[in-house]
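Below: one structure, written as structure tokens.
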Amino acid sequence: MQVVRAAEEPAYEQVPLDVYDAPAPSAPARPVVDIDGLNPAQKEAVLTTEGPLLVLAGAGSGKTRVLTFRIAHMIADLGVRPWQILAITFTNKAAAEMRERLQALLPDGTRGMWVCTFHAMCVRMLREDADLLGYTGQFTIYDDDDSRRLVRDIMAAMEIDQKQYPINMIRSKISTAKNAMIGPDEMASRADDPRTEKAARVYAELERRLRAANAMDFDDLLVRALELLRTRPEVLEKYQDRFRYISVDEYQDTNHVQYEIANLLAAKYHNLMVVGDDDQSIYSWRGADISNILDFEKDFPDAKVVKLEQNYRSTGHILAAANAVVRHNSQRKDKRLFTDAGDGEKIQAYQASDERDEGRWIAAEIDKLHDAGTSYDDIAVFYRTNAQSRILEDMFLRAGVPYRIVGGTRFFDRAEIRDVMAYLKMIVNPADEMSVKRVINTPRRGIGSTSIAKIDQLAQQNRCSFFQACELATAETGMFSAKVRNGLASFVGIVREGRRMSGELKDVVEAIVDRAGLVQAFCAEGTMEAESRAENIQEFLGVAAEFEETHEDIEGTLESLEELRAAGISDLPAGAGGSGEASAVPAQAAAPAARDERDASDRPNPLDALAAPLTSAQEALATMIAGNSMAAAPVEPLPAALVADEIERTYGPLACAALPALLEWLALRSDLDALSGQASAITMMTVHSAKGLEFPAVFVAGMEEGIFPHVAGFAAADDPGKLEEERRLAYVAITRARKRLFLTYAATRRTYGSTQANPRSRFVNEIPEEHIEFSGIGSSGFEGTGWEKRGDRRGTFGSGMGSDMYGGRVFGSRTRSTGGSGVSRHTGISPDAGLKPATFGSGVAHTTRAKASASPAVEQRRPDVARAAETFAPGDTVSHKTFGTGTVISAEGDMIEVQFDKSGKTKKLMKGFAPIVKLS
DNA sequence: ATACCGATCATTTTT
DNA sequence: TGATCGGTAT
């Protein structure tokens, strides 16, 4: 994927960064990292290396630069060792980028430095010391989907009505409690309404099951890590001593637990730098707490505060617009962003007739930009909700605009991929009940819900894990049919064999998939869909291969001091210093090599320990059990560590060390897009995922009340804070743009089956006139320049001029006229009319949809291919909506290749989708 | 046990 | 609109 570049052109960047050879361990006479190109505020931040530091960094003020320079300065000039540095970022992407930059700045390497997200850091810490909390180092990470399913199962088991108690509401209540470090019991005792009370009960069971499965969800990763640091002074000390310099980026988006973790780690040396911008706080719904940043000075009265207010990213109009919008918020620190750059181009606002027109217009503008020399890579399209991406995608596909989508429904969310991952998870951690249950009958083994219920029962009776119960069931002749027993035997065998497999990661995964019979099942099915699923699995194997290749790169792995020592890194503190370090059981999962050797017999058998006096680990475990919700649980589960250990002894150690590493990488969703092709393409993503990025040209689609700000109705009414967050989101979107900004909104939009007319977003209205230009159907400056601006594909919208041009025949399938609806359906809708979106029922005659449904349903998405095939042949002259006229070079299947006169370039277009008409 | 159906449902953002 | 859930028929 594209490496998103941070400011490339600002003036300060033109000063070359000098890092001279051989930085001495002791401070040299003159600074080695050249900071002359920084502005005074930036300089001050970079040079303030000791003590607490708060950097209020406005958008585009060069904070990443400050962060990296500061670290480089410490290492190159002040003799700080890389392994003493912990730099926390918000996303994996940001971490990767920062690492990359630091590597460029520091020729001697950055080995030992931890540059990662909170989550990654917590995983790393927990892998090492999870046994202190009653988990095993190979604990499984449950991603959001896993966690959701688990909650769903629990609620089903508890017979809680999902209609009365929506699962998302329950989950968010639990999550809120977790992040406030409130346990299930406490939550239950505090509950003063039935919903909270139910949530607390689910919470208790969730904890129990997670623990029994030796699994942690995303919240747990943070909470348990904090628990580790709080309850284990030797562990805390280990990290406090090691990480003398800590920085946290995007501090405004940290939640309470993250805040606690950061403060705890920095408690000893107080060298904590936090960077953030309260105007960019957009994750409060996820527990992010702006007061973390607002109260930093209270937490550290001796904190130095630096404000970065000069913007190096955007041109004047864009910056002015951003300032104007965010000024409407009341809850903010006053800031004054300014720029030296000129005014630049005005912001373009376009009112589309509907969402398809919006997509088409954006595609056309993108094409103009591209023709003018802008690379596709420099263009981004943002939207508020993922649902909006579909139609945009569709339009870009038709227009031949290459695109790449960040986020949204991902490859790794596909059922077949998750199945494969569940197999892998199960093999690594057979105690992981969710995964086991997911694939126990995938592919079909004749094990249905009744069998599963019986196995559950067996597990209860024998106080063992579900997986072990599966094995027991193979011998239970009375309880299960021979067919089920055979299926189970085969299933259980997968784990036995899978754990023993070794070699190339890809081969191991392939062997497991093969053994599981997944692909075979698809082949047997023989449908197109099954085929594509099989292909996806094939692609997943490629991912595994690529992972193994790229992941050997030691940079980017979070190494413990022990590992660094073992690798011969000098200048580490004496081994005696780390009391916890020396005694800790080596982490078994993530880190490659050196671990396989460990001798299982060396380790105390946790089962024996039950009779023996309590060791520290056992003690911890006992505390956990006593202190946690488990007391309330109907059946006390076996502690995860014991189950997992027993499983390991039963099924042998896991031979393929790369497997857990792959799973961890997948679970934390490391930059998945890195895997997609390198071809030049525009980037599509939600505004949330755009945070931290920048693009020369930015489109923001769906600037409408109800869309952005989202659900204006209740947001504005019952919580002004929500609206302010939406506004900050708009601020983030606007400030991503460097040179060109386009805001689009549609007069009518089809959402969830009904068409609604949304007024233009208040955020657009908040931009002073002098910075913005309007066009499109609602603008007075509208000029009829033909279909490029207003004809829709059916050529019916607007004046009708465009559609007549080619007799209404667009790419071969002549579509039914929708009559004069183009005029009538917009009557009375003015862009500024009220703020309440008007919703039309889908059956109302004057909506777009009602008219369209009068024609065959297939018309929209599947034009008549046969007719399209008649239409185009090599040599034909065609006209494309955005590319102009051209000649057909070839026509194969659904694709035609056209050479366009204007650009001379050839493009492959999808027949039946591209907005093409045949001229001759 | 599974396949299919129809009804119902909720629709944000992500580590 | 689409996904997902629960129920029913096979």
Side-chain angles (χ1 to χ4, degrees), chain A residues 88-95 116-123 141-145 147-149 152 155-156 161-163 166-169 172 175 179 216-223 225 250 253-255 257-258 281-288 355 382-391 406-410 413 415 441 444-453 481 483-484 487 664 666-672 685-692 702 706-712 714-715 722 725-726 728-729 732-733 749-756 842 849 853 857 860-861:
Chain A
I88 295 172
T89 58
F90 188 66
T91 63
N92 293 302
K93 199 184 213 166
C116 57
T117 63
F118 266 108
H119 290 267
M121 173 181 77
C122 291
V123 170
I141 300 170
Y142 277 3
D143 69 18
D144 214 55
D145 186 62
S147 166
R148 201 193 130 87
R149 283 163 168 272
R152 198 195 57 198
M155 287 175 68
D161 183 15
Q162 284 192 29
K163 282 163 198 157
I167 187 165
N168 288 332
M169 172 230 134
S172 93
S175 180
N179 284 309
M216 301 196 202
D217 63 19
F218 281 133
D219 288 331
D220 284 336
L221 294 178
L222 300 174
V223 171
E250 307 284 10
D253 286 325
T254 51
N255 66 25
V257 176
Q258 292 168 326
S281 163
I282 55 176
Y283 283 101
S284 72
W285 51 274
R286 211 168 103 184
E355 72 280 358
F382 302 154
Y383 32 82
R384 176 64 237 267
T385 67
N386 273 316
Q388 291 168 256
S389 73
R390 168 165 280 161
I391 192 75
V406 176
T409 313
R410 309 163 206 239
D413 287 335
N441 201 29
R444 317 258 160 220
R445 293 188 182 88
I447 303 164
S449 50
T450 39
S451 299
I452 290 173
S481 70
K483 182 182 152 206
V484 169
E664 178 174 320
L666 289 168
L668 293 183
R669 296 289 162 93
S670 295
D671 200 356
L672 301 178
M685 63 181 117
T686 64
V687 181
H688 278 88
S689 30
K691 188 166 68 110
I707 307 283
F708 195 4
H710 195 251
V711 282
F714 61 70
K722 270 259 193 288
E725 179 146 320
E726 292 290 315
R728 289 194 293 270
L729 203 47
V732 167
R749 179 180 299 271
R750 234 171 69 183
T751 356
Y752 306 121
S754 65
T755 300
Q756 49 180 14
S842 56
R849 183 162 187 266
S853 62
Q860 285 275 324
R861 297 197 65 87

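Proteins come first, then strands; the chains are lettered A, B, ... in the order of their sequence lines, and each starts at number 1.
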Next on the checklist: Tell me the interatomic distance from A:Ile447, atom CD1, to B:dT2, atom C1', rounded to whole angstroms.
Outcome noted: 14 Å
Item to check | Nearest-angstrom distance from the residue atom CZ of A:Phe218 to C1' of B:dT14 | outcome: 8 Å
Next on the checklist: Using the P atom as the point on both nucleotides, what is the distance between B:dT11 and C:dG6, in whole Å?
Outcome noted: 16 Å
What's touching nucleotides 3-11 of chain B from the protein side, N or O pairs under 3.5 Å?
unit_1 : atom_1 : unit_2   : atom_2 : d
B:dT11 : OP2    : A:Asn168 : ND2    : 3.2

Next on the checklist: Expressed as a whole number of angstroms, how long is the span from A:Ile282:CD1 to B:dT12:P?
Outcome noted: 16 Å
Checklist entry - Hey, is A:Trp285 doing a stacking thing with B:dT13, by the 5.5 Å centroid and 30° angle criteria? => result yes
Checklist entry - Minimum heavy-atom separation for A:Phe708 to A:Leu729, with atom names? => result CZ-C, 3.7 Å
Next on the checklist: Need one value for A:Ser451: base, sugar-phosphate or nothing, where a base atom within 4.0 Å counts as base even if backbone is also close, heavy atoms only.
Outcome noted: sugar-phosphate
Checklist entry - What nucleotide among B:dT12, B:dT14, B:dT2 has an atom nearest to a side-chain atom of A:Thr385? => result B:dT12
Item to check | Among B:dT2, B:dA1, B:dT14, the one nearest A:Tyr283 by side-chain distance | outcome: B:dT14
Next on the checklist: Could you tell me if the side chain of A:Thr254 sits less than 4.5 Å from the side chain of A:Ile88, heavy atoms only?
Outcome noted: no
Item to check | Side-chain N or O of A:Asn386 closer than 4.0 Å to phosphate OP1/OP2 of B:dT14 | outcome: yes
Next on the checklist: Please report the distance, rounded to the nearest Å, between CG in A:Asn179 and C1' in B:dT14.
Outcome noted: 13 Å
Checklist entry - Mapping A:Gln258 and A:Gly446 to their closest nucleotides on DNA chain B, which lands nearer the 5' end? => result A:Gly446
Next on the checklist: Checking A:Arg152 now: which residues fulfil side chain to side chain contact (heavy atoms under 4.5 Å, CB included) with it, not counting sequence neighbours?
Outcome noted: A:Arg149, A:Gln162, A:Ile167
Next on the checklist: Holding to ring pair (Phe, Tyr, Trp, His ring centres under 6.0 Å), I want the full list of residues that pass it with A:Phe90, two or more places apart in sequence or in another chain.
Outcome noted: A:Tyr283
Item to check | Separation of the P atoms in C:dT4 and B:dT13, to the nearest angstrom | outcome: 15 Å
Item to check | B:dT12 phosphate, OP1 or OP2, under 4.0 Å from A:Thr686 side-chain N/O | outcome: no
Item to check | Any donor-acceptor pair under 3.5 Å from A:Glu725 side chain to A:Ser284 backbone | outcome: yes
Item to check | Separation of C:dA3 C1' from A:Arg148 CZ (nearest whole Å) | outcome: 10 Å
Item to check | Nucleotide nearest A:Arg286 (side chain, heavy atoms from C-beta), chosen from C:dT1, B:dT14, B:dT2 | outcome: B:dT14
Item to check | Euclidean distance, atom CG of residue A:Asn441 to atom C1' of B:dA1 [Å, nearest integer] | outcome: 8 Å
Next on the checklist: B:dT14, OP1 or OP2 - any side-chain N/O from A:Thr91 closer than 4.0 Å?
Outcome noted: no
Checklist entry - With respect to the phosphate group of C:dC5, does any side-chain polar atom (N or O) of A:Arg152 fall under 4.0 Å of OP1 or OP2? => result yes
Checklist outcome for this item: Scanning both residues in full, the closest heavy-atom pair of A:Cys116 with A:Ala95 reads CA-CB, 3.9 Å
Checklist entry - Got a second to check how far A:Arg148's CZ is from A:Asn168's CG, nearest 0.5 Å? => result 5.0 Å
Next on the checklist: What is the separation between atom CZ on A:Arg390 and atom C1' on C:dG2, rounded to the nearest whole Å?
Outcome noted: 7 Å
Checklist outcome for this item: Heavy atoms of A:His710 and A:Glu726 approach each other most closely as N-OE1, 3.0 Å
